[in-house]
Amino acid sequence: MTNPTSPVRVRYAPSPTGIPHIGNIRTALFCWVIAQQTNGQFIVRIEDTDRSRYDSDAEKAIFESLQWLGLDFDEGPGKGGLHGPYVQSQRQATYVKAAEKLVESGHAYYDDTTPEQLHALRERQKAAKQPPRYDGRGRHRSPEEIEESRQAGLPITIRLKVPDHGKIAFEDSVRGKITFELKELDDFVILKSDQMPTYHLAHVLDDASMGVTHVIRGDEWISSTPRHLLIHQALGITPPKYVHVPLILGNDKAKLSKRHGATSALEYRDMGFLPDAVFNFICLLGWSPGDDTEVMARKDIINRFSIDRINDSPATFDAEKLEWMNGVYIRNMNTDDLICALLPFMEKPESDGGLPDSVTRPIDRVYLKQLIPLVQERLKLLTEGTETLDFFFKENVDPSAEELPGKKMGAAMTIQALEAALALCKTSSPFEPEFLESEYRALAEKIQMKPGQLFSPIRVAITGKKFAPPLFDTMSALGQDRCITRMEKAILTLKLSIIA
RNA sequence: GGCCCCAUCGUCUAGUGGCCCAGGACACGGCCCUCUCAAGGCUGAAACAGGGGUUCAAAUCCCCUUGGGGCUACCA
């Protein structure tokens, strides 16, 4: 199967029953990419035919995820289009009409079997080691009997008549020909007793009326594709191309679900990932351009994407590699964009991972801009901005006496180093990185310490941390006054620790 | 259980019969760079699930086994 060259119409059709996870979103992403590539349309349709599982938060999360990843759609809820409405619950009449037409044409029938009876049937079959399946009893119900049940208030469904022998096959764009024995299928429900269609009926009808050319969906749908084909046959319409993409698995190799930790795109957003990085990363789950390229701009992905190159086998989501890729994207950002990305995280309340509440908001952008070069290559997540930069914004830092000494240094030696550093700090001018470095290197030699022994206590004294950006850039950015204050404070801390 | 799908380093993958005693990336180890941490460079360890065929030649094609996954709802 070759890649489409003419414009496709593809749809992302989530059901609002839970927050969409990465695997689900990746399907949307593939759809979006192929639509961009062929200059086609990307449609979003909400499949809310299961009233009992409907969740409005989930619906919100679907659109939020799409928006965050930049997967804008051409037709869909809130966007309109020629084939709306794009919410299935608003199309109910169409489904009922189609199902009834199928009854009239003899392709389907009413069934008054109750859920209890169905359950009992299955139990019996299980006990007899038979595969559990509907036995087609409704086929023999007369219109009078059905009417009687209806009067009695029994639930009535409509089921499709499935031939009891023969084969049905289709050509899957990623897997090739897949064949099923019809005798494996039972007469399945197309219209539920609440007058809502099942997925099978609804999506077939909608895809047809919306002109969908390629059904791109998860692997888990392969098994029910014969049902969809049967509905097409009964309706006398041509099926679309089917593109079943492999599932994304959790680290235990099971279908991704809540228990696999962070699984939704939105969670990754909140953890400090960049949408471009996530976009790039998840499109590489189940697809690759064929060479060793991994970091790709969106337009390159659009250019190079191809259905032929979608993998057959499922992929496991590896958050560690995503972190690496996020770091690559952060390093490639220009300063202003990085500031914009970082600010919301830094300005959150302290309890929510932001800078200490004592730091006034909004944060000084001009000052932050000066700091970015010092930390850009050190960041893997946007959430790390707070911790790597906080000492620049805090009035003071408070390293303990234990933290201040460098390797193989006692308190006395640390005090000696800091006192020498402090004296020099008071007279250093200009307070510029290059000049500071030459001065402090000379000082180390003068007091017969290794550079590291002198620098280490200074670093801890002024940043409060063992690890920080390059020392002299840091000192310069921090300013002479704060360096002096912090060193004085550190010396005091050490002296007090000796007395105690 | 039945049906369907899948099977290359721990993970993502390249590989479409000879270029492969299998290449890249993440993670991991070593070395270099170095004021710490990163970043970067070099380097190491690490895989064709097993068995049968087909072929001069198989990771690549076929079959079986094994393993994993999915479906088997008036859920999608």
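In what follows, chains carry the letters A, B, and so on, assigned in the order in which the sequence lines appear, proteins first and then strands, with residues in each chain numbered from 1.
- When all heavy atoms of A/I19 and A/A61 are compared, the pair lying nearest together is CD1-CB, 3.7 Å.
- If you check B/C26, B/C35, B/U36 against the side chain of A/K321, the one that comes closest is B/C26.
- Here A/P14 lies out of heavy-atom contact (under 4.0 Å) with every strand.
- We find that OH of A/Y242 is positioned 16 Å from C1' of B/C71, with the value rounded to whole Å.
- Around the CD atom of A/E434, the shell of radius 6.0 Å holds no more than 12 heavy atoms that belong to other residues, nucleotides or ligands.
- At the phosphate of B/A76, neither OP1 nor OP2 sits under 4.0 Å from any side-chain N or O atom of A/R53.
- Looking at heavy-atom distances under 4.0 Å, A/R175 makes contact with sugar-phosphate atoms alone, never a base.
- Checking B/A76, B/A7, B/G1 against every side-chain atom of A/P131, the shortest atom distance belongs to B/G1.
- Between A/Q125 atom CD and B/U72 atom P the separation is 15 Å, expressed in whole Å.
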Quiz item: Passes side chain to side chain donor-acceptor pair (under 3.5 Å), A/N326 versus A/Y268? Steps please.
Solution: CA-CA 11 Å; A/N326 206 56; A/Y268 286 93; over 6 Å; no

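- Across all non-hydrogen atoms, the minimal contact from A/V397 to A/A461 is CG2-O, 3.4 Å.
- Cation-pi check for A/R486 over A/F391 is not met; the charged atom does not lie both under 6.0 angstrom from the ring centroid and within 45 degrees of its normal.
- A 3.5 Å limit on both hydrogen-bonding distances identifies B/U72 as the Watson-Crick or G-U partner of B/G1.
- Using a 4.0 Å heavy-atom criterion, one finds that A/G290 contacts the sugar-phosphate atoms exclusively.
- A gap of 14 Å separates the C1' atoms of B/A7 and B/U60, to the nearest Å.
- Surrounding CD of A/Q117 are more than 12 heavy atoms belonging to other residues, nucleotides or ligands, all under 6.0 Å away.
- Protein atom CD of A/E294 is 13 Å distant from nucleotide atom C1' of B/A27, rounded to whole Å.
- The residue A/S15 sits close only to the backbone: its heavy atoms come under 4.0 Å of sugar-phosphate atoms, none of a base.
- A salt bridge does not link A/R441 to A/E445: none of the charged side-chain nitrogens sits closer than 4.0 Å to a carboxylate oxygen.
- As judged by a 4.0 angstrom heavy-atom cut-off over every strand, A/K466 is placed among the base-contacting residues.
- Backbone-only engagement by A/A315 is indicated by non-hydrogen atom pairs under 4.0 Å involving sugar-phosphate atoms exclusively.
- Checked against B/G70, B/U16, B/C5, the side chain of A/R309 finds its nearest nucleotide in B/U16.
- Among the heavy atoms of the strands lying under 4.0 Å from A/I222 are primed sugar atoms or P, OP1, OP2 only; no base atom is included.
- Minimum atom distance to the side chain of A/V189 is reached by B/C74, of the listed B/A76, B/C35, B/C74.
- There is a side-chain donor-acceptor pair under 3.5 Å between A/N24 and A/Y12.
- When heavy atoms are screened at a 4.0 angstrom cut-off, A/D186 is found touching no nucleic acid atom at all.
- Look at the C1' atom in both B/C48 and B/C71: the space between them is 29 Å, to the nearest Å.
- As rounded to the nearest Å, B/C42 and B/C33 have C1' atoms that lie 11 Å from one another.
- Remark: B/C42 base-pairs with B/G30; criterion is Watson-Crick or G-U wobble with both hydrogen-bond distances under 3.5 Å.
- Distance from the side chain of A/R441 is smallest to B/U34 among B/U34, B/C74, B/C4.
- Residue-level contact check: A/G327 touches neither bases nor backbone, having no heavy atom under 4.0 Å from any strand.
- Considering only side-chain atoms of A/D292, the nucleotide from B/U36, B/C71, B/G23 that sits closest is B/G23.
- A distance of about 24 Å separates the P atoms of B/G69 and B/C63, rounded to the whole Å.
- Comparing B/C6, B/U13, B/G24 by their closest approach to the side chain of A/S288 singles out B/U13.
- Among the atoms of the strands shown, none is found under 4.0 Å from any heavy atom of A/P16.
- Pairing for B/A14 is absent, with no Watson-Crick or G-U wobble pair whose two atom distances lie under 3.5 Å.
- No engagement by A/T388 is indicated, since no non-hydrogen atom pair under 4.0 Å with the nucleic acid exists.
- Between A/F472 and A/T316, it is A/T316 whose nearest contact on RNA chain B lies nearer the 5' terminus.
- Mapping A/Q88 and A/P314 onto RNA chain B by nearest heavy atom places A/P314 closer to the 5' end of the strand.
- With B/A14, B/A7, B/G70 as the choices, the nucleotide that has an atom nearest any side-chain atom of A/S223 turns out to be B/G70.
- Taking atom C1' in both B/C32 and B/A39, the straight-line distance is 14 Å, to the nearest Å.
- Of all nucleotides present, only B/U66 satisfies the Watson-Crick or G-U wobble test against B/A7, with each distance under 3.5 Å.
- Nearest nucleotide to the A/F467 side chain, out of B/U36, B/A14, B/G24: B/U36.
- Within the nucleic acid shown, A/L454 has no heavy atom closer than 4.0 Å to any nucleic acid atom.
- If you take atom C1' in B/C61 and the same atom in B/U16, they sit 10 Å apart, rounded to whole Å.
- Comparing the C1' positions of B/U54 and B/A76 gives a spacing of 44 Å, expressed to the nearest Å.
- The residue A/P246 sits apart from the nucleic acid: no heavy atom pair falls under 4.0 Å.
- If you check B/U60 for Watson-Crick or wobble pairing at under 3.5 angstrom, you find it has no partner at all.
- You'll find that the side chain of A/L247 is closest to B/G69, out of B/A14, B/A76, B/G69.
- Using a 4.0 Å cut-off between charged side-chain N and carboxylate O, A/D291 and A/R304 make a salt bridge.
- A/Y440 comes within 4.0 angstrom of nothing in the nucleic acid, heavy atoms only.
- Taking atom P in both B/G51 and B/A45, one finds a spacing of 25 Å when rounded to whole Å.
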